[in-house]
> 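My questions all concern the structure below.
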Amino acid sequence: MSTAIALFTSDLRIHDQPVLRAALDAADRVVPLFVLDDGVLGSRFCAPNRAAFLADCLEDLDASLRARGGRLVVRRGDPVDTAVRLAAETGATAVHLAAGVSGHAQRREDRLRRALGDLLHIHDAVVTVVAAGAVTPAGRDHFAVFTPYLRRWEQQPRRDPAPTPRRVPVPDGVQGERMAEVRALLASAAAGDPSPALPRGGETEGRRRREAWLGAPLDAYQDRHDDLAGDATSRLSPYLHFGCLSPTELVRDAEAAPGPGAAAFVRQLAWRDFHHQVLAARPAAARLDYRPRGDRWAADEQELAAWREGRTGYPVVDAGMRQLAHEGWMHNRARLLTASFLVKTLYGDWRAGAAHFLRLLVDGDLANNQLNWQWVAGTGTDTRPNRVLNPLVQARRFDPRGDYVRRWVPELASVEGPAVHRPWRLDPQRRAELDYPEPLVDLEEGTRRFRQGRGLS
DNA sequence: ATGGAGTTACC
DNA sequence: GTAACTCCA
């Protein structure tokens with residue numbers, strides 16, 4: 001009787017799960033293992049929203065495995081030590097793992113390889129459609145420009161989705177935490193309570209939302225995905241981040257849908273792969289400027305706090321920040337405009353903004369988050385560093401009636417129409433009644449502030 | 001405003 | 001010939 005370990009990370013699903021599939025194909029019995037990483041649990045990365053979502057994912061995965069005669073083994077500790085110890089304990093002759101792109105994932109992979117040698121099997125294209133590094137430009141290790149990347153990405157042959165296992169035979173007597181204990185551990189390790197309107201995690205919920213999204217016509221996506229109040233986005237990002245959904249399956253099924261909306265949606269999924277291949281090649285870009293531009297970031301702590309709490313005095317910015325706090329999620333257009341406000345208007349360091357997003361976003365993904373922030377900050381792969389998103393222009397374009405603001409900024413709920421975007425123009429008595437902050441900076445009087453640090457000798 | 005055309009640089 | 005860069009939007 002041979003045994004293999006399927007080490008789950010950001011691939012918490014049983015459908016199109018190459019890691020689990022390979023373990024099952026290669027051995028008689030499989031230990032599906034998830035390690036609550038002490039290094040993550042005890043750090044600032046243990047964000048309440050993702051910890052709660054993760055508990056849902058693990059519970060759902062355990063239930064799916066139990067329905068197939070198995071279960072999920074969850075242990076707390078160092079993932080490498082835990083996997084090595086479990087391999088010795090069960091006599092496992094193989095450990096299967098999905099390739100990761102972050103520095104943390106790469107170090108974990110390296111340590112596992114040193115400890116396990118040939119026993120370790122790394123699987124590509126589990127968390128992305130095209131594996132990081134699978135396509136590269138001549139003479140470089142990664143693409144720095146999206147359009148040529150997309151061309152190659154589209155031509156790349158797709159992996160066939162792995163068949164869903166019917167039976168998962170798990171050896172008897174393998175110790176693991178009970179699911180109630182897992183949830184309690186995650187809740188106590190998290191620094192604070194989850195957002196009130198956090199979505200439910202797990203593959204089952206993810207697939208339900210996937211079917212709903214693909215079942216409705218995708219036509220409108222191209223025209224409406226930027227509309228803040230319309231909220232016509234898939235909201236599948238948390239499920240993709242935790243691997244509850246296979247991006248390969250999602251792209252295949254979206255491509256089967258007709259029309260330009262489907263292509264626009266697939267394009268967004270390609271951006272995900274693009275950022276993953278950048279981070280895999282430059283893991284330090286999670287912290288350091290991809291292209292250092294000599295910026296001198298200037299926002300003070302009070303301005304930063306006002307931004308975090310959604311009281312900058314710019315209603316569309318504050319609406320985004322409050323949606324983030326309430327749902328653990330923000331409309332992508334709002335992410336761009338709130339990020340631009342911090343970085344380009346207040347001159348706040350993108351790292352501070354990215355850290356706040358990572359604390360709250362339930363889909364908070366190192367590659368997408370840090371590299372999108374760098375894109376906005378002008379330090380990323382983009383070669384146009386001086387792009388500024390004016391919140392008033394963004395508001396007019398993407399929340400023309402002001403509905404998004406009224407939904408998320410209750411102080412302004414009584415202000416009708418697009419006037420809600422400029423509360424400073426209301427008469428003074430009305431403004432006093434609203435109890436809404438004065439704008440942190442004036443963007444209407446031609447006093448546009450330019451970023452500092454550029455062009456200085 | 002997560003672009004396009006034209007140019008440069010390097011395979 | 002391809003990807004990155006520059007300028008122009």
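Proteins come first, then strands; the chains are lettered A, B, ... in the order of their sequence lines, and each starts at number 1. From a predicted model like this one, the values you see are computed outputs, not experimental measurements.
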> What do you reckon, are the aromatic ring centroids of A:F341 and A:W307 less than 6.0 Å apart?
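Judged by ring-centre distance (under 6.0 Å), A:F341 and A:W307 do not meet the cut-off.
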> Give, ordered by number, those residues of residues 264-278 of chain A having at least one heavy-atom distance below 4.0 Å to an atom of DNA chain B; if nothing qualifies, reply none.
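Within residues 264-278 of chain A, the residues near DNA chain B are A:R267, A:Q268, A:W271.
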> When you check the phosphate oxygens OP1 and OP2 of C:dA3, does a side-chain N or O of A:R152 lie under 4.0 Å from one of them?
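Yes, such a contact exists.
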> Please list, chain by chain and in numerical order, all residues satisfying side-chain contact (heavy atoms from CB on, under 4.5 Å) with A:R107, sequence neighbours excluded.
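A:R107: side-chain contact (heavy atoms from CB on, under 4.5 Å) contacts with A:H104.
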> Using atom CZ of A:F143 as one end and atom P of C:dA3 as the other, report the distance to the nearest whole Å.
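In whole Å, C:dA3 P lies 5 Å from A:F143 CZ.
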> Starting at atom CZ of A:R335, determine the distance to atom C1' of B:dT2, rounded to an integer number of angstrom.
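Whole-Å distance recorded here is 14 Å.
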> Can you confirm whether the side chains of A:Y436 and A:R431 place a donor and an acceptor under 3.5 Å from each other?
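Looking only at side-chain atoms, A:R431 and A:Y436 do not form any donor-acceptor pair under 3.5 Å.
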> Within the 4.0 Å heavy-atom criterion, would you say A:R333 contacts the bases, only the backbone, or no part of the nucleic acid?
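Sugar-phosphate contact only - A:R333 comes under 4.0 Å of backbone atoms but never of a base.
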> Rounded to the Å, how far apart are A:L337 CG and B:dT2 P?
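Value for this atom pair: 13 Å.
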> Without decimals, in angstroms, what is the distance between A:Y290 OH and C:dA4 P?
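Nearest whole value for this atom pair: 8 Å.
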> I need the CD-C1' distance between A:Q370 and B:dT2, as an integer number of Å.
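It is 17 Å, rounded to the nearest whole Å.
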> Looking at A:L198 and A:G328, what are the two nearest heavy atoms and their distance?
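Heavy atoms only, the tightest pair is CD1-CA, 4.5 Å.
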> Under the ring-ring contact (aromatic ring centres under 6.0 Å, His included) test, which residues partner A:H142, sequence neighbours left out?
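For A:H142, the residues satisfying ring-ring contact (aromatic ring centres under 6.0 Å, His included) (neighbours in sequence not counted) are A:Y290.
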> Residues in side-chain contact (heavy atoms from CB on, under 4.5 Å) with A:W350, at least two apart?
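Residues passing side-chain contact (heavy atoms from CB on, under 4.5 Å) with A:W350: A:D289, A:W297, A:V343, A:A354, A:Q370, A:W373, A:Q374, A:A377, A:T379.
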> Any heavy-atom pair between the side chains of A:H121 and A:V95 that's under 4.5 Å?
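The answer is no; the side chains never approach within 4.5 Å.
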> Calculate the interatomic distance between A:Y149 atom OH and B:dT2 atom C1'; express it in whole Å.
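These atoms are roughly 15 Å apart.
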> Can you measure A:H142 atom NE2 to C:dT2 atom P for me and round it to whole angstrom units?
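Those two atoms, NE2 and P, are 20 Å apart.
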> Report the distance from atom CG of A:D382 to atom P of C:dA4, rounded to the nearest whole Å.
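Spelled out: CG on A:D382 to P on C:dA4 is 13 Å.
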> Checking one value: the base orientation of C:dT2, syn if chi is within 90 degrees of 0, otherwise anti.
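Here C:dT2 takes the anti form, which means its glycosidic angle is more than 90° from 0.
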> Please report, to 0.1 Å, the donor-acceptor pairs under 3.5 Å made by any side chain of residues 278-285 of chain A, with sequence neighbours excluded.
none

> Which residues in residues 223-243 of chain A have a heavy atom closer than 4.0 Å to any atom of DNA chain B?
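Per residue number, the list is empty: none.
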> Report all interatomic pairs (protein N or O, nucleotide N or O of nucleotides 5-8 of chain C) with separations under 3.5 Å.
from: C:dC5; atom 1: OP1; to: A:R291; atom 2: NH1; distance (Å): 3.3
from: C:dC5; atom 1: OP2; to: A:R291; atom 2: NH1; distance (Å): 3.3
from: C:dC5; atom 1: OP2; to: A:R291; atom 2: NH2; distance (Å): 3.0

> Taking side-chain contact (heavy atoms from CB on, under 4.5 Å) as the definition, give me every residue that meets it alongside A:D223, ordered by chain and number, with sequence neighbours left out.
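None.
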> Go through A:R322 and A:R407 one step at a time and tell me if the side chain to side chain contact (heavy atoms under 4.5 Å, CB included) criterion holds.
CA-CA 10 Å; A:R322 295 188 198 186; A:R407 186 180 308 156; over 6 Å; no
> Any side chain to side chain donor-acceptor pair (under 3.5 Å) involving residues 190-199 of chain A? Give me the pairs, sequence neighbours left out, ordered by first then second residue.
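Sorted result for residues 190-199 of chain A: A:N49-A:S195.
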> Do A:Y314 and A:V441 have side chains that get closer than 4.5 Å, going by heavy atoms?
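A side-chain contact exists here, since the closest heavy-atom pair is under 4.5 Å.
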> Find the distance between CZ (A:F398) and NE2 (A:H331) and round it off to the nearest 0.5 Å.
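It comes to 9.5 Å.
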> Does a side-chain N-to-carboxylate-O contact under 4.0 Å join A:D363 and A:R335?
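The answer is yes: the pair qualifies as a salt bridge.
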> For A:E303 and A:Y347, test the side chains for any donor-to-acceptor distance below 3.5 angstrom and give the result as yes or no.
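No, no side-chain donor-acceptor contact under 3.5 Å.
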> For nucleotides 8-10 of chain B, list the nitrogen or oxygen atoms of the protein found under 3.5 Å from its nitrogen or oxygen atoms, one pair per line.
none

> If you write DNA chain C from 5' to 3' in dot-bracket form, with Watson-Crick or G-U pairs under 3.5 Å, [ ] for crossing pairs and | for pairs with another strand, what do you get?
||||||||.
> Which donor-acceptor pairs under 3.5 Å do the side chains of residues 242-266 of chain A make with protein atoms, sequence neighbours left out?
from: A:S246; atom 1: OG; to: A:D16; atom 2: OD2; distance (Å): 2.4
from: A:S246; atom 1: OG; to: A:T248; atom 2: N; distance (Å): 3.2
from: A:S246; atom 1: OG; to: A:E249; atom 2: N; distance (Å): 3.0
from: A:T248; atom 1: OG1; to: A:R159; atom 2: NH2; distance (Å): 3.4
from: A:E249; atom 1: OE1; to: A:R207; atom 2: NH1; distance (Å): 3.2
from: A:D253; atom 1: OD2; to: A:R210; atom 2: NH1; distance (Å): 3.0
from: A:D253; atom 1: OD2; to: A:R210; atom 2: NH2; distance (Å): 2.7
from: A:E255; atom 1: OE1; to: A:R158; atom 2: NH1; distance (Å): 3.0
from: A:E255; atom 1: OE2; to: A:R158; atom 2: NH1; distance (Å): 3.4
from: A:E255; atom 1: OE2; to: A:R158; atom 2: NH2; distance (Å): 3.3

